[in-house]
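Following this message is one structure expressed as structure tokens.
Side chains included, hydrogens not; waters and symmetry mates left out as well; all remaining heavy atoms used. Bear in mind that the values here come from a model prediction, so they are computed numbers and not experimental data.
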Amino acid sequence: MASVFLSLRPAVQELHRKLTDFVEYECIPAEKVYQQQLGRVGDPQRWTVVPPVMAVLKTRAQQLGLWNLFRGLSGVEYGVLCEALGRSLLAPEATNSGAPDSGNMELLAKYGAAPQQQQWLAPLLAGRVRSAFAMTEPLVASADATNIETRIARDEQAREYVINGRKWWISGAGDPRCKVFLVMGKTNPAAKKHLQQSVVIVPADTPGIKVIRPMTIFGYDDAIHGHCEITFTDVRVPFENIVLGEGRGFEIVQGRLGPGRIHHCMRSIGLAERALELHIARATDPSRKTFGKLIAEHNPNPITESRLEIDQARLLVLKAADMMDKYGAKAALKEIGMAKIVVPQMACRVIDRAIQAHGAAGVSQDFPLAYFYAMMRTLRIADGPDEVHMKQVSVHELKRSGAIRDKLAKQAEIETKLLSKL
């Protein structure tokens, strides 16, 4: 990390220093306060009252200039900041830099028309509202975005789109501050495969939207954020709410998910670093000796393995971010896919080792490790499952087969000539 850090602009280094202090000494200590301020599971207040400590952290972040950190930075620069953000469960939202809002803000900034930006991007940037991106569906394999079935039909007379469909795992939809959905559906099922989809802006109070339930992740409901199942029944929005134009949905989604995957990966590295620190603290705790030795004295290798894996994964993600900066997200597809495969798997292993070092406490509510593991295991599915990225990487690698075979043939030809001279 040091070599990457030293290559950052001085202003970004200072931003990183301030952010690190904010995360370590203001966000992390506030996590248990946040949980205590949430309503209990089953209490309606759990989904209606935002823990007051979050407003305190947001005010502090703005005072420190730690707001909308994704703006004005390169992919590598923001990636380094994301690692710091990922160390705390609260820091991404506290700095108005968390998913799904950051991705939705980038989407609106890149693809939104001026009136759309004025109505929705401005309040999102100010942190006055929150948002959700509605893509995944329960009745199809949504890892292939062309399978999406939600229908966005035109009503020419009313000059409105009529939306019908069912979505689930819509992150942020449980939050009472969520005021807008970006909904992906099909406007023209007869068009070419990747030109059928569109994205429309749907205010959350539009008639016909029903939040069915919050989904749980290994039993965690992720309140107050939530990952909800939602139905859209004859939901109407004006033609002006289309983003970029009909048939551009797949393009928009790919443009949103590429950078988003890098941000997820760097935040996950931060989480893995925190898990490793908890592992080290537990393994060297004098009060936890067994058979007269510290846990680390019995077997320090798990700590070493975690250190190696974290550093390897970080370099892979930063390489992908650097390629995006220099050549664009499309040129970095293989590297993004590699990072998305490697990082969640690495984080799961690192957290699992930390859990093991904590014994039964590691899977309890007294430590955050069980929740960390649930989050990272889920990330192997979210934003494209491992298998999709594996396929993507293999396609890019196999494209090299012709050049590789030509090179081997040339080597063999030269070898034959050299041997003939013996």
Partner set under side chain to side chain contact (heavy atoms under 4.5 Å, CB included) for R151, not counting sequence neighbours
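If we apply the side chain to side chain contact (heavy atoms under 4.5 Å, CB included) test to R151, skipping adjacent residues, the hits are A153, P189.
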For residues 204-219, which side-chain donor-acceptor pairs fall under 3.5 Å, sequence neighbours excluded?
from, atom 1, to, atom 2, distance (Å)
T206, OG1, P203, O, 2.7
R213, NE, E229, OE1, 2.6
R213, NH2, E229, OE1, 3.0

Pairs touching residues 108-127 that satisfy side chain to side chain donor-acceptor pair (under 3.5 Å), sequence neighbours left out
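Sorted result for residues 108-127: empty, none.
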Residue set satisfying side chain to side chain contact (heavy atoms under 4.5 Å, CB included) with Q356, at least two apart, ordered chain then number -> none
For K18, what residues pass the side chain to side chain contact (heavy atoms under 4.5 Å, CB included) criterion, not counting sequence neighbours?
E14, L66
Y327: what forms a side chain to side chain contact (heavy atoms under 4.5 Å, CB included) with it, not counting sequence neighbours?
M323, A331
Can you name the side chain to side chain donor-acceptor pair (under 3.5 Å) partners of E305, sequence neighbours left out?
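Only R353 meet the side chain to side chain donor-acceptor pair (under 3.5 Å) criterion with E305.
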Can you list every ring pair (Phe, Tyr, Trp, His ring centres under 6.0 Å) pair that touches residues 285-313, not counting sequence neighbours?
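As it turns out, there is no ring pair (Phe, Tyr, Trp, His ring centres under 6.0 Å) pair with a partner in residues 285-313 once direct neighbours are skipped.
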Quick one: ring-ring contact (aromatic ring centres under 6.0 Å, His included) partners of H263, sequence neighbours excluded?
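Partners of H263 by the ring-ring contact (aromatic ring centres under 6.0 Å, His included) criterion, ordered by chain and then number, come out as Y78.
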Please lay out, stage by stage, how R87 and E277 fare under the test salt bridge (charged side-chain N to carboxylate O under 4.0 Å, His left out).
CA-CA 11 Å; R87 291 176 59 86; E277 289 183 3; 2.8 Å; yes
Does the pair E309 and R349 meet the rule for a salt bridge (charged side-chain N to carboxylate O under 4.0 Å, His left out), with working shown?
CA-CA 9 Å; E309 292 180 6; R349 291 192 296 270; 3.0 Å; yes
State which residues pass ring-ring contact (aromatic ring centres under 6.0 Å, His included) with Y34; sequence neighbours excluded, sorted by chain then number.
none
What's the separation between atom CD1 in I310 and atom OG in S268, rounded to the nearest 0.5 Å?
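I310 atom CD1 to S268 atom OG measures 11.5 Å (nearest 0.5 Å).
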Expected list for residues 133-146: side-chain donor-acceptor pairs under 3.5 angstrom, two or more places apart:
from, atom 1, to, atom 2, distance (Å)
E137, OE1, E149, N, 2.9
E137, OE2, E149, N, 3.3
E137, OE2, T150, N, 2.9
E137, OE2, T150, OG1, 2.6
E137, OE2, K167, NZ, 2.9
S142, OG, E137, N, 2.9
S142, OG, E137, O, 3.1
D144, OD1, T146, N, 3.1
D144, OD1, T146, OG1, 2.6
D144, OD2, T146, OG1, 3.2

Applied to residues 358-374, the side chain to side chain donor-acceptor pair (under 3.5 Å) test, sequence neighbours excluded, yields D222-Y371
